[in-house]
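Numbers restart at 1 for each chain; the letters A, B, ... are given by sequence-line order, proteins then strands. Everything quoted here is computed from the prediction, not taken from an experiment.
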Amino acid sequence: MDKDKLLYGVAYYDEYMPYERVDTDMEMMKAAGINVIRIAESTWATHEPEPGVFDFSSVRRVLEAAGRHSLSVIVGTPTYAIPPWLYALHPEVLAITEQGAGKYGCRQIMDITSPVYLFHAERIIRRLMACVQDYPCVIGYQLDNETKHYHTAGPNVHKRFIRHLRAKFGTVEAMNKAYGFNYWSNRVDAWENVPDPTGTINGSFAAEFECFRRLLVEEFLAWQAGIVNEYRKDGQFITHNFDFEWRGFSFGVQPDVDQKAAARAVSLAGCDIYHKSQSELSGREIAFGGDICRSLKEDNYLVIETQAQGHVDWTPYDGQLRLQAFSHIASGALGVMYWHWHSIHNATESYWKGLLSHDLLAGVTYREAMTIGADFARLSPQLMGLKKVNEAAILVSNAALTGISQFPLPAGQDMPAGQDMPGGQTNYNDVFRLMYDALYDMNVECDILFPGDVDKFKNYRLLCVPALYSATDDLLLALKDYAASGGVLVASFKTGFADEHLSIAAAEQPRLLTECFGLAYDQFTEPQDVYLEGDDFALSADERRVSVFMELLRVQGAAVISSYRHDFWGQYAAVTRHAFGRGLAVYVGCMTTKAYMIQLFAGILKEAGLWGVEQESGFPLIIKSGMNQAGRMIRFYFNYSGVARKQDYLHGAALELLSGARYQEGDVLEIAPWGVMVFEEE
Amino acid sequence: MDKDKLLYGVAYYDEYMPYERVDTDMEMMKAAGINVIRIAESTWATHEPEPGVFDFSSVRRVLEAAGRHSLSVIVGTPTYAIPPWLYALHPEVLAITEQGAGKYGCRQIMDITSPVYLFHAERIIRRLMACVQDYPCVIGYQLDNETKHYHTAGPNVHKRFIRHLRAKFGTVEAMNKAYGFNYWSNRVDAWENVPDPTGTINGSFAAEFECFRRLLVEEFLAWQAGIVNEYRKDGQFITHNFDFEWRGFSFGVQPDVDQKAAARAVSLAGCDIYHKSQSELSGREIAFGGDICRSLKEDNYLVIETQAQGHVDWTPYDGQLRLQAFSHIASGALGVMYWHWHSIHNATESYWKGLLSHDLLAGVTYREAMTIGADFARLSPQLMGLKKVNEAAILVSNAALTGISQFPLPAGQDMPAGQDMPGGQTNYNDVFRLMYDALYDMNVECDILFPGDVDKFKNYRLLCVPALYSATDDLLLALKDYAASGGVLVASFKTGFADEHLSIAAAEQPRLLTECFGLAYDQFTEPQDVYLEGDDFALSADERRVSVFMELLRVQGAAVISSYRHDFWGQYAAVTRHAFGRGLAVYVGCMTTKAYMIQLFAGILKEAGLWGVEQESGFPLIIKSGMNQAGRMIRFYFNYSGVARKQDYLHGAALELLSGARYQEGDVLEIAPWGVMVFEEE
Amino acid sequence: MDKDKLLYGVAYYDEYMPYERVDTDMEMMKAAGINVIRIAESTWATHEPEPGVFDFSSVRRVLEAAGRHSLSVIVGTPTYAIPPWLYALHPEVLAITEQGAGKYGCRQIMDITSPVYLFHAERIIRRLMACVQDYPCVIGYQLDNETKHYHTAGPNVHKRFIRHLRAKFGTVEAMNKAYGFNYWSNRVDAWENVPDPTGTINGSFAAEFECFRRLLVEEFLAWQAGIVNEYRKDGQFITHNFDFEWRGFSFGVQPDVDQKAAARAVSLAGCDIYHKSQSELSGREIAFGGDICRSLKEDNYLVIETQAQGHVDWTPYDGQLRLQAFSHIASGALGVMYWHWHSIHNATESYWKGLLSHDLLAGVTYREAMTIGADFARLSPQLMGLKKVNEAAILVSNAALTGISQFPLPAGQDMPAGQDMPGGQTNYNDVFRLMYDALYDMNVECDILFPGDVDKFKNYRLLCVPALYSATDDLLLALKDYAASGGVLVASFKTGFADEHLSIAAAEQPRLLTECFGLAYDQFTEPQDVYLEGDDFALSADERRVSVFMELLRVQGAAVISSYRHDFWGQYAAVTRHAFGRGLAVYVGCMTTKAYMIQLFAGILKEAGLWGVEQESGFPLIIKSGMNQAGRMIRFYFNYSGVARKQDYLHGAALELLSGARYQEGDVLEIAPWGVMVFEEE
């Protein structure tokens, strides 16, 4: 992979084209500065039209054309959508899920543990790899596509799950005790009688099944990587396009994959990021998705898919495509690739539009891409492989996410308008996003940590912990040590509540952390007309509103930042701070508004000496920074709004790379609607 | 059939009566002017109590009583609800649908292609026909009841569908190409591996299955007609009660039947029309349902079912039953029949009340019917078989309807209040109704055209085309020719977008019509706070609101009527007009309010010289006209409101038939709440 | 059972404890005045860990500890949740329901008619009973838990249902006629062809199946009682915890059990009552649930389960636990038992919190319980076994409830805010609660009557009849006789409409009662902007609103209390009164607001001489009374609000038992927020 060149690319489906136009397309690509395409991932049935009969002519044709047009190519394995003949021969390849048997038609419906599927998948992968490995335009491989377990839960999966449980617990008695299986007569007498987890009312057991299915994903990707690596040449990377909790757009941590573990199979982390657009374009998903992906390999990453025109309601305003592209680069991306080159003319994604509309002509979105491609080509030396050194981190956890999905928070119909979270659904990621978005809006860039990253806590001055509902004792004690050793720890409600088996602790809460936070509680409720008070934050009544969930905190050494305004709950603390050891431990006992969270963080950052010039501004003016390969600091100023903004330039003397103008600290910038400026400090 | 007598009738279920009262009922009918009953369609299990054992005693008893009381009878074949013994003997007669296997209990749950079902259906039809054919009171036959395919989709249907595809395409390759089956590895290698369409994500394939199932309905009705025709005597008609998209009432084009094709099996078109009542009674469903039904055979038609008291929330206000009855006649109906004579005392339709309430006494609704019956009897010479000659037509299409159901419009939660369309559901018929209702409210009567009616386009001066999403090239070219030849063509967004296989065109839109409309577009979006501007229409802000969907039109010769008021979309046209050839082509690029559509039509009608005196008034004062058999023009003035209205009489000197008074043009009429006046011009 | 001691108890699950602490728990119980525990009902798999291997060590350990700590014990049979091994051996024990086959995991999923289940259930019951019967601390037994039919509807149940029908009707012809099976060809030719009722569209047939399944519950409880009685000793009671329609809390009459009939199996009636809390705590569910339960055996009853801390949104305010406890006693409860002692640490009810929080420490709720326990111990002589003599009764009916669920009322989206009924769902219990809650809010205490209680009507001066939709002729004639003989009869819309087979009467409505009420109707509708007028009630416009359903009443002797304000329905009566015989018959033809119902009852009570001092006050000040075993009248004054209230003491000179102060009539009481005062009259 050429480390000196920002990648600018598209997914290209020659197989979907209504007529022959590969050279036309590549000429248009070149004209737009596009330098990489992704191919082959969706079209198994085209490449193996009959069982054991292979036809890679379209692959070869595209590779040869890419060679002629000097385009790089990422080849995807076509295993996420199975051919009709495979289903016809072996209907058992379809996953049996919690909802029962499936029907052929959609992608991602097979049992990824089925030997029938694996046999055929391996055969097509090997044939494809043998076909493509020697083309010099091939720079890397993508394993499968947004792999998940597809809720596979059939009898064979159940059998494997029992083996997993036996390996974990040794005896049914140990399992019975860990899961509290005495409850409602669920106690198991023998391994063969372990019930199908899809009917269970035991959240511990259900959570273990979710964990087990995440292991299946990890195993599957590692298996594919093993095959691909047999063919992979020096200089070719191997990647996967990880994606995120989907709420019609990328929302938060992916529930069905342990991405940190799964990423061990790849040499380059990749991701798919989709987001709202038009007046709702905020850059938040670009940022958190990038931060997660960058944290997987602790290195730069590739945005393998993001929207060009996207859905009907995402058709971009002028300037937005540029704003998005530079936002990805500013988060440390090595490049941006669109899904997809052309809008397709049939089937379910016909209205998920590509860079070209259905007419395949040079429309307004394509013309904006031309400006991006030109800038990427020109500025690659300055913008390629930006390194970020962040002082803040957020700890995320699949186990905590699953825990809260098993024991859901109230539905959130009470969440105040403007809180930027979809109503009616309050899960782990809502708490993650509450913290993340507050930091984003304050121009505080973060890294993402995972439960296995305990040894990295010390690298950060601020560690935020949203709703760590399920955790081992060791992890909680590491948080305590972090604060005691001088860190600033900010944790939310629910942290520590249950152990790694999702057993609630028979102890004061927050478990193992009462001393650290200087408080305890044993009660909580759903707020009804409850507001935060007692602090000196400049907030409106609506911004003080408590929603979804509140703990009734009794301070035991902590200082109260805010308490609840309520006839009966007024006696309890809501948000507290506690000087603990050499550090500070802040506890947020309820779902606050983002505006409140921003005020809270402001105080913390100032106290911790983390308040910088970037924090003097804030959303919609977003600032990101990174060190380029020449050791120079690059600063991005983004205007995430439809109105032009005047903004003081806050950093050192610099060259603005897009315009070529020079600026000094204090100069007033004029940033266009949905505009971006990029500064290289001198 | 007696062509000199308006039919006034009821469905009569002697089998449902709680006690013997056939003579009592018929005396009450005669007293109310009821002259026809419909019998037998629902009670197979009564007439064939055991397999092969027939008992038509109740049929004979009713026919004999009808003879005594001089009532005409329409006999329905009882095939739409199967007996328990048939299910018990052959459970496989139940349709397997997209949702899986069914349960016995409801009507219309069988597989209409099942030979088991067809064998038994034929036997009961033949026995019934043999029993009834010679009764002189029998004036006609109704095939089955509101026949549809009932979503039959079992393995046998799948097998037939494959045959259908093979006949259509010849090779799997041709099908793969037409449907874009390369997408997501759906490419088919052999006919036997064509997957079950109920799981597909390919809209083209799904749409073909819908088309195929409409053919099954057509085939079934033709098969029944073949049997009935063996028995039918001279002078007896054969009909079917076609119905409409159901939203708790008749809403628009029936998705599951190609009614124009299916109507070839009958000699008289019939329909079932149900609608809201009380303060929501508008006459719109009576009008569009009648217009569709009249267009099926291009002749007068029979309203076989409509509500008497109807649902709990439909209990009519005083006068509404009369208003409804004359509205049907004014649309060209030969008569009006209520579902049903008496409210029934058991089962699911107990609260769908008939002319008599459950007490079977002469209640207020029955007493109002007496006035209608008397007027129908007296005025039959003037009102029977009214012929309409309309200058406007609307082109409707099952294929376009299916296309939009496969690629749905946004949900329409944004539709403005007062637009008279159910919220939360925006489909083809919403666009049809937007156009139809605007014309109705302006007193512009229409005919309905179907895709096969290309040669009839020339008969109309105004042709409206709602959302013709799926169309052959020939149909689109015929629209172009229509405008070029002097017609006024008004088409909405989505017209032309996809071909007859639901493949989106790889060409500028509207496909094949860019020259005709003088514009092109390749982008569209969902409107957020977008309003129409630039025209001189007298409309409020709410009435200018754009909802659901908007295309970003670039004019290429057209004149802009309205553009979008929006920071970013303001550069695009919304509604345009283009003098094309000798005609005019108007394009409506977005979902407008009905108020806007009325203003738009007003301008078009005036320019085209189609503006008449009727357009000086409008809803709730509805005017309809027709030529009677004596060649005199009959004019109906309806007051669709609960307040008495003064209204100028707009037409030539005439006799008001209900009062016997004479009126001249310019006289002021006083029309009662929910009132009607009927004028015979001199 | 010690009749001199108020029971104060908890469900105790030693099996769920995270560590050994039975003596710690019992010491804490004793400190809180808890004197009874309920054990064993949920943990079959613990007590029979393998098929035929029994281990009652935890039961014995708890019984022995209870003996040491002088706690009484109620032993439950553990049959409502089956062990995994039973499902693994015999998957057929799971009920097949309307929704199909189930999955193992939850409780209450088995077919209670399965011989496999019954065999194993009998074996565990006998072994458990043999183990516990001789412990002196055991005061009684609870059969199963909240038994219902769990919608069992498999082929074996269908076969039994056919036998039930054959026994009921003798011939299929009689059944066909009773159910109107001619409709839609449902006529049955032979018993073996009776279709599965789960697919039926015939409400009569469906209702009979519901009735049949209630018989299965009755049979099951009687069968269990037979076994338990073989072991039960003198002085030990047998009970069952009946529960109520569940809307997230106890709402009304239980649809799935004929509790009056089922209660024949027990010697002591018991119930589970859960209700909203915090600002929504009203005491209404405590009252109606207690009134129903007291009426089952016409004697005092036991509250076997009620909430301690309950759900997340139920965490009680200070004082509410006390208020609730005394409210139960005031309704005639012999004691109050919490579900459950400790919050549990695993599985689906982890957030349904007990008296102890998860930390198992003495938290705020436990500390409030200590005050209750102390008062109960001290005041048992005064408060044990209070007898109530009510002058008002409400007649409830499973058959009417089922009838209205088969022919539902409109959805009720139109119900005015503040009517205290969950929106979007209007069923029989909404009408029951409309009447019940109005009386409750007026401090009118009631008994509950069932259709078999005809001979008890005469014991009451006021008989309220909500929506008696399905009734035998005899029952309706008994209502008529009641009024004729001097009773005050208040019935709502829908009363009398259908017979016991859910056949609507072919007669004027209200069937058999037109003479009694002096009115008739044959039409009804859903109100749209309809208000009551014509009366002299002091009500706001909102309080006059008619919602859901209205009958168009024609008076025939009755006086109109209120009519409808509406252009077209204004001609009909809405609420009427009729002096009939020696009594008064009031008919409420529509769904009114509770405020209207209170005004209506006020007039009726005054006229009937039933207006007492209690009615001078009203909700949130609730007064209840009962005669204690010493023959003294006990008066409870409850403040169901969060603000302290001044209130005149309305009764005779008395000792306030909690404070020891004495009061005279006219003294001003100060009642704390959520406070209670208890007076023993001298």
Just checking A:Tyr572 against A:Tyr564, ring centres under 6.0 Å apart? no
Contact winner vs chain C - A:Gln509, A:His501, A:Lys494, heavy-atom pairs under 4.5 Å: A:Lys494
Which region of A:Ala207, side chain (C-beta onward) or backbone (N, CA, C, O), has a non-hydrogen atom less than 4.5 Å from a non-hydrogen atom of chain C, or is it both or neither? neither
Under 3.5 Å side-chain donor-acceptor pair for C:Gln224 and C:Thr77: yes
Quick check on C:Pro78 against chain A: is it the side chain, the backbone, both or neither that has a heavy atom closer than 4.5 Å? neither
Examine whether an atom of C:Ile344 lies under 4.5 Å from a heavy atom of chain A, and if so say whether it belongs to the side chain, the backbone or both; otherwise answer neither. both
Turns out that what part of C:Val364 lies under 4.5 Å from chain A's heavy atoms comes down to side chain
Which portion of C:Leu360 sits near chain A, non-hydrogen atoms under 4.5 angstrom: side chain
Please determine if A:Lys177 forms a cation-pi arrangement with A:Phe169, meaning its NZ or CZ atom is less than 6.0 Å from the six-membered ring centre and no more than 45° off the ring axis. no
When only pairs under 4.5 Å are counted, which of C:Pro18, C:Ser343, C:Ala81, C:Gly102 shares the most heavy-atom pairs with chain A? C:Ala81
Residue C:Tyr104 versus chain A: region with a heavy atom under 4.5 Å: both
Name the member of A:Thr525, A:Asn193, A:Asn202 that forms the most heavy-atom pairs with chain C at distances under 4.5 Å. A:Thr525
A:Gln406, A:Arg511, A:Glu508: which one forms the most heavy-atom pairs within less than 4.5 Å of chain C? A:Glu508
What part of A:Ala506 gets within 4.5 angstrom of chain C, counting heavy atoms only: side chain, backbone, both, or neither? both
Contacting moiety of A:Ser204, where chain C heavy atoms sit under 4.5 Å: side chain
Side-chain donor-acceptor contact under 3.5 Å, C:Gln320 with C:Ser277: yes
Heaviest contributor of heavy-atom pairs below 4.5 Å to chain A, chosen from C:Ser357, C:Pro673, C:Gly642, C:Pro49, is C:Ser357
Identify which part of A:Phe205 has an atom lying under 4.5 Å from any heavy atom of chain C, answering side chain, backbone, both or neither. neither
Given that the side chain runs from C-beta out, which part of A:Phe181 has a heavy atom under 4.5 Å from chain C: side chain, backbone, both or neither? neither
Please assess C:His275 against C:Phe249 for the test ring-ring contact (aromatic ring centres under 6.0 Å, His included), listing each intermediate value before the final yes or no. CA-CA 5 Å; C:His275 49 79; C:Phe249 59 97; 8.9 Å; no
Do you know the tightest heavy-atom contact between A:Thr426 and A:Met591? CG2-CE, 4.4 Å
Would you say the side chain of A:Phe212 lies within less than 4.5 Å of the side chain of A:Arg163, judging by non-hydrogen atoms? no
What about C:His342 and C:Tyr12, are their ring centers closer than 6.0 Å? no
Does any heavy atom of chain C fall under 4.5 Å from the side chain of A:Glu173, the backbone, both, or neither of them? neither
Does one side chain, of C:Gln309 or C:Tyr338, offer a donor that lies under 3.5 Å from an acceptor on the other? no
Quick one, A:Tyr428 with A:Tyr469, criterion ring-ring contact (aromatic ring centres under 6.0 Å, His included). Give me CA distance, side-chain angles, the key distance, then yes/no. CA-CA 9 Å; A:Tyr428 173 81; A:Tyr469 184 68; over 10 Å; no
Under a 4.5 Å heavy-atom cut-off, does chain C meet the side chain of A:Asp567, its backbone, both or neither? neither
Chain A contact via C:Tyr13 - which portion, at a heavy-atom distance below 4.5 Å: neither
Heavy-atom pairs under 4.5 Å with chain A - which of C:Thr348, C:Val53, C:Leu356 has more of them than the others? C:Thr348
Among C:His311, C:Glu349, C:Lys353, residue most engaged with chain A (heavy-atom pairs, under 4.5 Å): C:Glu349
Under 4.5 Å, counting heavy-atom pairs only, tell me which of C:Gly363, C:Pro83, C:Ala88 racks up the most with chain A. C:Pro83
Under 6.0 Å between ring centres: does that hold for C:Tyr351 and A:Phe524? yes
Are C:Trp85 and C:His120 an aromatic pair, judged by ring center distance below 6.0 Å? yes
With chain A, the option among C:Thr315, C:Asp313, C:Leu86 that has the most non-hydrogen atom pairs under 4.5 Å is C:Thr315
Taking the ring centre of each residue, are C:Trp339 and C:Tyr274 less than 6.0 Å apart? no
